[in-house]
Amino acid sequence: ESGQDSNTLVLFSSDNGAAETFNGSLDSGGSLRGKKTEMHEGGIRIPLIAAFPGKIKPASTSNQPVYFPDIMPTIADFTGTGKFMPPAIDGESFAGAATGRSSSGRKRPMYWEWNEDHFKLPYRVTKQACRKGNWKIVRNDITKPWELYDLSKDPSERNDLAAAKPAIVRELDAWVTSNRVDPPEQIEPSKPKGQRWR
């Protein structure tokens with residue numbers, strides 16, 4: 001009614017892969033390995049739908065991998081507010097890929113982790129993954145060695161190439177070691193009367 005639909009970016013996505021599979025039904029992860037809380041593609045690869053009349057072409061697609069840290073820089077890019085962005089964030093804008101004005105792909109690796117209890121400190125990482133280009137290292141148990149997959153040829157992550165490509169594992173492991181930091185404690189608001197969650 002206000003006409004703002006023509007001046008609004010709409011993003012629609014899931015926060016993680018499917019929680020469970022059910023004998024061929026409700027298997028939204030398809031052939032992807034893993035599920036919610038796991039670092040294989042079935043736990044983290046999800047669709048993202050974006051609409052912005054006059055800026056994003058309807059029914060267009062992009063194969064550029066993006067993840068949630070990219071949302072804030074993308075909104076800043078679309079709104080011209082990049083000067084207010086905090087320094088040294090993990091994400092990068094995908095506005096160029098969404099509008100078709102740029103197809104250079106992403107420059108910064110993507111990183112995911114899961115911790116023992118994501119509401120409390122001390123923070124204990126239990127699972128990790130890092131992707132750079134088509135290469136992805138993953139471990140669903142931090143005490144185990146990294147697995148390595150070429151997602152361009154093996155999106156289902158069935159062929160672990162860690163032994164065959166140790167230099168790539170070392171490169172991505174070094175990036176994780178030098179770039180990850182513990183997040184601040186997540187402070188939850190007090191429970192409203194009658195609310196049992198959290």
Salt bridge (Lys or Arg N to Asp or Glu O under 4.0 Å) with [X]: which residues, sequence neighbours excluded?
| X | result |
| --- | --- |
| D160 | none |
| K153 | none |
| K132 | E171 |
| R131 | none |

Kindly give the heavy-atom pair with the smallest separation between [X] and [Y], and that separation in Å.
| X | Y | result |
| --- | --- | --- |
| I44 | E38 | CG2-O, 3.9 Å |
| A50 | L11 | CB-CD2, 3.5 Å |
| R139 | M39 | O-CG, 4.2 Å |

Could you tell me whether K165 and D150 have a side-chain N and a carboxylate O separated by less than 4.0 Å?
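Answer for the salt bridge query: no.
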
Can you run down the side-chain hydrogen bond (donor to acceptor under 3.5 Å, both in side chains) pairs that involve residues 44-61, sequence neighbours left out, and say none if there aren't any?
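Every side-chain hydrogen bond (donor to acceptor under 3.5 Å, both in side chains) pair that includes a residue of residues 44-61, provided the two are not neighbours, is E41-R45.
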
Is there a side-chain contact between F94 and L48, using heavy atoms and a 4.5 Å cut-off?
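A side-chain contact under 4.5 Å exists here.
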
Tell me whether S31 contacts the main-chain N or O of S156 through its side chain, where contact means a donor paired with an acceptor under 3.5 Å.
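Between the backbone of S156 and the side chain of S31 there is no qualifying donor-acceptor contact (under 3.5 Å).
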
With sequence neighbours excluded, what pairs up with D182 under the side chain to side chain donor-acceptor pair (under 3.5 Å) test?
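For D182, the residues satisfying side chain to side chain donor-acceptor pair (under 3.5 Å) (neighbours in sequence not counted) are R180.
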
